[in-house]
Amino acid sequence: MPFQYLVNETLKIADPHADKVLAPKDNQIPATTYPNLKQIPQKALNAEWYYNRFSVLQTGQTPYQWKTTNYQKLRKRKINHL
């Protein structure tokens with residue numbers, strides 16, 4: 001499901017941390033390169049190009065299986081000691 005954040009009731013932005021961000025030119029990507037690419041609903045498009053980025057929310061994803069699990073936690077430091 002594509003979505004955007006509305007900031008200060010004027011600025012529409014995609015979530016920069018989303019797994020996928022859609023843009024209008026994505027329709028130029030061949031299905032052989034990216035099968036089942038989500039489409040932006042036409043009624044959601046805006047005349048201003050910079051509003052036309054949409055995050056994709058996907059529920060029920062398979063959790064990522066980490067290959068490396070033996071990470072060492074860094075010791076805590078106070079931020080003013082960096």
A.B. asks: Between atom CG of L11 and atom CD of Q4, what is the distance when rounded to the nearest 0.5 Å?
C.D. replies: 9.0 Å
A.B. asks: Under the side chain to side chain donor-acceptor pair (under 3.5 Å) test, which residues partner Q72, sequence neighbours left out?
C.D. replies: none
A.B. asks: Among residues at least two apart in sequence or on other chains, which ones pass side-chain contact (heavy atoms from CB on, under 4.5 Å) with T68?
C.D. replies: N70, Y71
A.B. asks: Who passes side chain to side chain donor-acceptor pair (under 3.5 Å) against Q28, sequence neighbours left out?
C.D. replies: none
A.B. asks: Using every non-hydrogen atom in the two residues, find where R53 and A14 come nearest and quote the distance to one decimal.
C.D. replies: O-CB, 3.5 Å
A.B. asks: What's the spacing between L45 CG and K43 NZ if we round to 0.5 Å?
C.D. replies: 12.0 Å
A.B. asks: With ring centroids as reference points, do W49 and Y51 lie under 6.0 angstrom apart?
C.D. replies: no
A.B. asks: Checking P16 now: which residues fulfil side-chain contact (heavy atoms from CB on, under 4.5 Å) with it, not counting sequence neighbours?
C.D. replies: none
A.B. asks: So which heavy atom on A18 is nearest to which on S55, and how close?
C.D. replies: CB-CB, 3.8 Å
A.B. asks: Taking N52 for the side chain and A23 for the main chain, is one N or O donor matched with an acceptor at less than 3.5 Å?
C.D. replies: no
A.B. asks: I would like to know whether Q39 and N27 meet side-chain contact (heavy atoms from CB on, under 4.5 Å); could you show each step before the answer?
C.D. replies: CA-CA 7 Å; Q39 297 297 311; N27 64 6; 4.2 Å; yes
A.B. asks: Using the side-chain hydrogen bond (donor to acceptor under 3.5 Å, both in side chains) rule, collect all pairs that involve residues 10-24, keeping only residues at least two apart or in two chains.
C.D. replies: Y5-D15, D19-Q61, K20-Y34
A.B. asks: When clusters are formed by joining ILVMFWY residues with side-chain heavy atoms under 4.5 Å apart, either directly or through shared neighbours, do V21 and I13 land in the same one?
C.D. replies: no
A.B. asks: Following the transitive rule for hydrophobic clusters with a side-chain heavy-atom cut-off under 4.5 Å over Ile, Leu, Val, Met, Phe, Trp and Tyr, establish whether L57 and F54 coincide in one cluster.
C.D. replies: no
A.B. asks: Name all residues meeting the side-chain contact (heavy atoms from CB on, under 4.5 Å) criterion together with P30; count only those two or more places apart in sequence or in a different chain, and write none if there are none.
C.D. replies: T32, T33
A.B. asks: I need the L37 CG to L22 CG distance, nearest 0.5 Å.
C.D. replies: 6.0 Å
